[in-house]
Structures are given as C-alpha cells and as structure tokens.
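Just so you know, ligand 1 is whichever comes first in the structure, and atom 1 is the first atom listed for that ligand. Computed from heavy atoms alone, side chains included, the values below leave out hydrogens, waters and symmetry copies. Please read these numbers as outputs of a predicted model, since none were measured by experiment.
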Amino acid sequence: MNVVILAAGMGKRMQSALPKVLHPLAGKPLLQHVIDTARSLKPSKLCVIYGHGGAAVPEMVGKLAESTGAAIDTALQQPQLGTGHAVMQAVPQIDENVPTLVLYGDVPLTTADSLRRLVEAAGSDKLAILTVEQANPFGLGRIVRENGNIVRIVEEKDANEAERAIREINSGIMVIPTRRLKSWLESLSNNNAQGEYYLTDIVAKAVLEGVPVVSAQPSAEWEVAGVNSKVQLAELERRHQLNIAIALLEKGVTLMDPARIDVRGELVCGRDVVIDVGCVFEGRVELADGVTVGPNCVLVNTRIGAGATIKPFCHLEDAVVGDKSQIGPYARLRPGTQLGEDVHVGNFVEIKNSTVAAHSKANHLAYVGDATVGSRVNIGAGTITCNYDGANKFRTVIEDDAFIGSDSQLVAPVTVGAGATLGAGTTLTKDAPAGKLTISRPKQMTVENWKRPVKVKK
Ligand code: UD1
Ligand code: CA
C-alpha cells in the first residue's frame, strides 16, 4: 500500500509562524502522529506533501526518517491548488500496483484499527471513504448517496440546501486503486466554488466507470477531527490525554483525577501505581510496582523503582531512582542521576550526573553534582559539591558510611574516605581520610571585654 499524507495547507487560523502540522499534540508534532500511525500499517511507500512553512516540514520528516531508518518521501506542492492537486504531486512516487491511502497531516488521532478496516473495505479495486455521521456537518464535504450507494461528494460551498442537510461527512481519508487514481487526477477540473482541484471529485468519476465506492466508519468522531485552530488543538489534546488516562486506569493505575494528567510520550506502569493530580510525563517514563507520584511532579525519561515515593513538586529528568526510595517534596534530579535502593532525597536538593548508592540520604538543601556517593552516606543540609571551576568539571567521591556535616563544601576533585566524618562548615580541598573527623573551620574564640558600638546622640 502507498500512503500519501497531505500537509501543504497553510493553517492561517493557528495564528502562528510555525507550520500547522508541526504544532505539538502530547509533545509530538501533529504530522508525526499521522506518520507513526501510517507506519504501523507497514506501507510500501510513504509520501508527505508539503508546501506552506518552507523547509521546516521536510526537515522534520527527514530527521524522523533518519532516526528511524525508514524511507519517507516528500513532495512540494507549490502553489496549493486543492486536495486533488496535492495528491497529484505524489503521483511520480507511488506504486500503481497497490492501493493508495490518503491521510491528512492535521488529523492526528485516527487509529490504526479504523484505517485497517478502511483498507480492508477497499480491497484491491474499490474506492473506500472513511465517513462519519455528524450532528454539525458545517464546512465539510457531504456524502451523497442514491439507494444507499455513494454517488459523489459535494463540498459545503458547492452544495444545495438538500445536500447541506446531509449529515454523513467525508473525513477526507480514502483508499483508492492507484492506477485509476492517476487517470482520475489527470481529468480533474477546478470548475467549482473555490476554484480548487478537489480530490473528492474522483468519487463521481469512480461511479461513472463502475468502480465500487464503499465506506467505513471510525469508532469515534474525534478520530477524524482536524486541527485548524488553537481551540481545536486544545480540544484534541484533552481528548487524547483522556484516552491515555482511561488506558492507564484500565491497566490498574490509580489516577486521582484522570482529567489532570499529561503524558507526552510513553508512560509504562507496574501494578498498584498511584499518580496524584497535575503530573506531566515526558519521553519514556517507567514506574515500577507500587510507585506513588505526588501532585505536580514532572518526570522526563526517568525510571522509578518498585515501592518508591515521589513526593509533591519534584522535577526528574534522565534519572533512575532505586526501589523504595523517597524523593522530595521539591527535589530536582537532573540528567545522569542514578539512585540506589532506599535513597532519601529531600526538599531543595539538586542532584546531577551522580550515582548515590543504597540507603544514603541528602534530606535538605544540597547540591550533588558529578559525584560518586557510596552506601549509607549522610549528606547534611547545605552541602555543596564544588564541581566546576568555570571551565572544567571535576568529580567528588564520597565513600560508604561517610557523614558530611552541614554546610560543607567539597571542592572537587576530592575524596571522602569510607566512614569519614566532615565537621559542619568544612571546606574540603584535600582528601578526607577514612574513619576520621576532618574539619576545616578556624577554632571558635570569644573576645573578652568587647563592646558593641553604640549610636552617639547629637
Ligand atoms: C476537505 C475535503 C472535504 C472534507 C474535509 C475534511 C476536498 C475538496 N474537500 O476539505 O470533503 O470534508 O477535507 O476535513 O478534498 N491540503 C494540501 N494542499 C492543498 C489543500 C489542502 O495539502 O492544496 C491539505 C491541508 O493541509 C489539509 C488537508 O489537505 O491537511 C485538507 O485541507 P482543508 O483545506 O483543511 O480541507 P477542505 O479542502 O476544506
Ligand atoms: Ca480548503
């Protein structure tokens, strides 16, 4: 099968410099949703028609093709003279021995199941249209039937009153026998209300030539909903998020409110996972059995081990959290953070590019960057690894059972030996030997007979 995706339209109502099909839905460009669904049908040819927005669309398609190692063709439609004219641009690229599925780059939520039904209905020699009965069909092409058989499609602007009363609409998604398609496209005219070459005119041509025209229906109306404005984009985003939330609930995940979760990527959950309101998941996030995520957390490309708790207001990115760990509230785990089992990271603690082994704690106000932290280490409040001299970064090593007193600075590269203790306020510039107390602050003294200055009255 060939797939042709129409994405040359301008999207004026988006009021944006970004081409419409590149606007993100669930963190992914609209067009990429369509390409991903198309690919799940394993087409032999995939061609994206672009036009408005210059090089941005083919660039995005090129990157996608490169990163996935599959070929995606592009064809420029300039100027944009209608949907029929758009499909004409793909003609040199498509294989005439297999049918062609036409999709729209701004209709992101069509399911592969519905498309498969349409492809099946078309077989090798029929024209199949994905149609929907809509309460408000305004603006859309109407399916005209005689004795139950589809005979043509009429656009809103060309329709008479009786035709405008038809509620079965053309989604625009069709499967067409390709050799026929080529000849029909050659004979299209733009003699209509919009002066465009309508793809929809091929339906009447098929009927004239005795090619059967059939239809299939999606399981829901939102599957064929297009995005023309930010309002429609926001509506489809909520619809999509609700679909994801329902799928999570069906798998046994507890969502405190299915209307208040945003998954912009892939969220994989074990059993008995609880997610509170206002959380955002980006990229691939894995929550193992028994994980609880408190309200208002953002997790990006992160793996959380079994039984761990993420308390409210945490931001985790490219991090791994061990089983039974406790993170937050207000913790930040930056890329390259790897925490072992039962690690406690408390409020206003930032960890970056560091490993922290089992049972270690940094409970309050600390920065741990470029560090290797052993097991059962206690990092006191206000501790900072000074990992950066303005040009280079250095590692800090804290071995097992070390105790870092509050408000210490560890000037990397530096090592704190196993079981070592740093006194509070230590500025460590040389290695601290294992098992000993190291302290760098001057001895405390008291000045006798000292008096506070007093204001002299004038
Ligand atoms: C088209 C259909 C209409 C259907 C509706 C569904 C035609 C003539 N009409 O309407 O029956 O109900 O879709 O939404 O086909 N595009 C191009 N190049 C062009 C024109 C459009 O690539 O020259 C792309 C657009 O980017 C968009 C899609 O084709 O993705 C549909 O275009 P749009 O203008 O939204 O639809 P209509 O032509 O109004
Ligand atoms: Ca149009």
Would you say [Y] and [X] are linked by a side-chain donor-acceptor pair, where the criterion is simply a distance under 3.5 Å?
X      : Y      : value
Ser325 : Glu341 : no
Thr355 : Gln338 : no
Asn347 : His364 : no
Thr309 : Thr292 : no
Ser215 : Arg145 : yes
Lys20  : Asn228 : yes

Heteroatom proximity flag, [X] to ligand 1, N/O under 3.5 Å:
X      : value
Gly9   : yes
Ile49  : no
Glu155 : yes
Leu6   : yes
Asp106 : yes
Thr83  : yes
Tyr198 : no

Minimum non-hydrogen distance to atom 19 (C) of ligand 1, winning option of Gly84, Gly82, Ala8: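 Checking each option, the heavy atom nearest atom 19 (C) of ligand 1 is found in Gly82.
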Ala86, portion touching ligand 1 at heavy-atom distance under 4.0 Å: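 For Ala86, the contact with ligand 1 is made by the side chain alone.
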Gln77, portion touching ligand 1 at heavy-atom distance under 4.0 Å: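 It is the side chain that touches ligand 1; the backbone stays farther off.
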Could you tell me which atoms of ligand 1, counted from 1 in the order shown, lie closer than 4.0 angstrom to a heavy atom of [X]?
X      : answer
Ala7   : 22 (O)
Thr200 : 7 (C), 8 (C), 9 (N), 11 (O), 15 (O)
Ser171 : 6 (C)

Min heavy-atom dist Gly226 to ligand 1 below 4.0 Å: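 It does not; every heavy atom stays at 4.0 Å or beyond.
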Heavy atom of Ile169, distance to ligand 1 below 4.0 Å: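 Outside the 4.0 Å threshold, so no.
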Within 6.0 Å of CD in Glu66, more than 12 heavy atoms from elsewhere: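 No.
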Euclidean distance, Ile72 CD1 relative to Leu64 CG, rounded to 0.5 Å: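 With rounding to 0.5 Å, CG (Leu64) is 4.5 Å from CD1 (Ile72).
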Atom pair CG (Asn387) and CG (Asp370), whose distance is rounded to the nearest 0.5 Å: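 Here the rounded value is 4.5 Å.
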Step-by-step side chain to side chain contact (heavy atoms under 4.5 Å, CB included) determination, His85 to Asn190: CA-CA 10 Å; His85 180 252; Asn190 63 352; over 6 Å; no
